[in-house]
There are 2 protein chains.
Amino acid sequence: MRRIAPERADLLAIVAEVFREHGYEGASLALIGAATRLGKGSLYHFFPGGKEEMARAVIAHIDGWFEDNVFAPLRDSPDPRGGIEHMIEATDSYFRSGRRVCLIGAFALDESRDLFADQIRSYFGRWVVHLAGALERSGHRPGEASELAEEAVAAIQGALTLARAANDLDVFSRALRRLRLRLGLPAKT
Amino acid sequence: MRRIAPERADLLAIVAEVFREHGYEGASLALIGAATRLGKGSLYHFFPGGKEEMARAVIAHIDGWFEDNVFAPLRDSPDPRGGIEHMIEATDSYFRSGRRVCLIGAFALDESRDLFADQIRSYFGRWVVHLAGALERSGHRPGEASELAEEAVAAIQGALTLARAANDLDVFSRALRRLRLRLGLPAKT
DNA sequence: GACTCACTGTACCGATTGGTACAATGTCGG
DNA sequence: CCGACATTGTACCAATCGGTACAGTGAGTC
């Protein structure tokens, strides 16, 4: 009965969307099954640890994406400003200009945080640290760079919340525009 | 069998804490009952509309608190800077310096937003509008005041997320300190 | 003392929850 | 062609979900 097994990455992307929209508690196996068109048999074959393993895998997948597309450029780009610019564009693209919400940020808010505390802390921690590094290399003093990085990551998270609350995508793009200026980037791309 | 009926405000505060910690889906009637020490009979007596009415009442209660302690001072204070200072302190106190999370912000993230969309939009909308008004009266140009207000409210929401993710209260107090400067307030209280 | 009515505990409802067990179905390497 | 194994649907499980029904129970009122 072997079917066209979806690539694990595709599968994780679909499951991520369910968690994103419904939260950890709200994402029932029925919803996940419907979204992936996979029965419980398949779901528990791929994720023997059940819902918790699914969530863990989804977080790791997102983390990997940010590692490749955001953290690495911040860390490795010879031109720190270029890395920061890259981060802003990747962020805008990942969150679909505010249409999408940050799964990991959402998990951080309710009690599901306790289950995934390490992964959540690592994700945001690395984001702040690598951004601070790039800011430092682009001329900011260390302490100032750390504060600015923390402010920037928080601004993104807050803008996602506010954009969804207001149901207005412009909230997010305005936030990114301000962020550009604040981080010392040219206004327009 | 009439017992000491808790004040409705106290009751709502307890229920709010359950929603805050577990989210709308995660807050089961069993949890709410345990926290309030009220059986289903009592719960459905006070909230015939069930869980949804409880959440609606809780949001309204929080909204009322912010109306009295944040929005009104921003709107009515003869000295706009004083109103803004008042907002910062009320915010710090309400969120217990980052120990607490914003219920309404959390609801905005997942699908429960659709149920309470109007209340959520109104809450954040009024916060931004009244802060923008105070900023305008304290000398900012209208457009600039609106952007700054939006930035400030988003910064608070983002800081709450980040503080909980990092499990580090200092994240929140640092954010409030930056906010003071950004809004043109003296550094220390 | 009778009546009222806000309040409460308990039993119960069907639906859904996350999870398990397993037999069937293929696909693939040999 | 065969056996191994990845993948699947289905049936099933106890626990819990949100919600209803209702018979009390008692404090206040006349």
Review point. Given C:dC7, is OP1 or OP2 found less than 4.0 Å from the side-chain N or O atoms of B:S42?
Key: no
Which whole-number value in Å describes the distance from [X] [atom1] to [N] [atom2]?
X     : N      : atom1 : atom2 : result
B:E52 : D:dG18 : CD    : P     : 13 Å
A:H22 : C:dT16 : NE2   : C1'   : 15 Å
B:L31 : D:dT16 : CG    : P     : 11 Å
A:E25 : D:dG18 : CD    : P     : 10 Å
A:F46 : C:dG18 : CZ    : C1'   : 19 Å
B:F47 : D:dG18 : CZ    : C1'   : 15 Å
A:E53 : C:dT20 : CD    : P     : 12 Å
B:L11 : C:dT8  : CG    : C1'   : 14 Å

Check your understanding: Is there a side-chain contact between A:Q157 and A:F124 (heavy atoms, below 4.5 Å)?
Key ->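 In contact.
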What nucleotide, of [options], holds the atom closest to the side chain of [X]?
X     : options                : answer
B:K51 : D:dG19, C:dT17, C:dG18 : D:dG19
B:H45 : C:dC7, D:dG18, C:dT20  : C:dC7
A:L38 : D:dT8, C:dT20, C:dT17  : D:dT8
A:Y44 : C:dG18, D:dC17, C:dT8  : C:dG18

Point to revise | Check: C:dG19 base within 3.5 Å donor-acceptor of A:K40 side chain | key: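 A donor-acceptor contact between them is present.
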One thing to verify: whether [Y] and [X] come together as a salt bridge, which I'm taking to mean a side-chain N less than 4.0 angstrom from a carboxylate O.
X      : Y      : value
B:E25  : B:K51  : no
A:R126 : A:D63  : yes
B:R56  : B:E52  : yes
B:R141 : B:E147 : no

Exercise for review: For A:P48 and for B:L43, locate the closest nucleotide of DNA chain C by heavy-atom distance; then report the residue assigned to the nucleotide nearer the 5' terminus.
Suggested key: B:L43
Review point. Which part of the nucleic acid, if any, lies within contact of A:G41, taking any heavy atom under 4.0 Å across all strands shown: a base, the sugar-phosphate backbone alone, or nothing?
Key: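 A:G41: base contact, heavy atoms under 4.0 Å.
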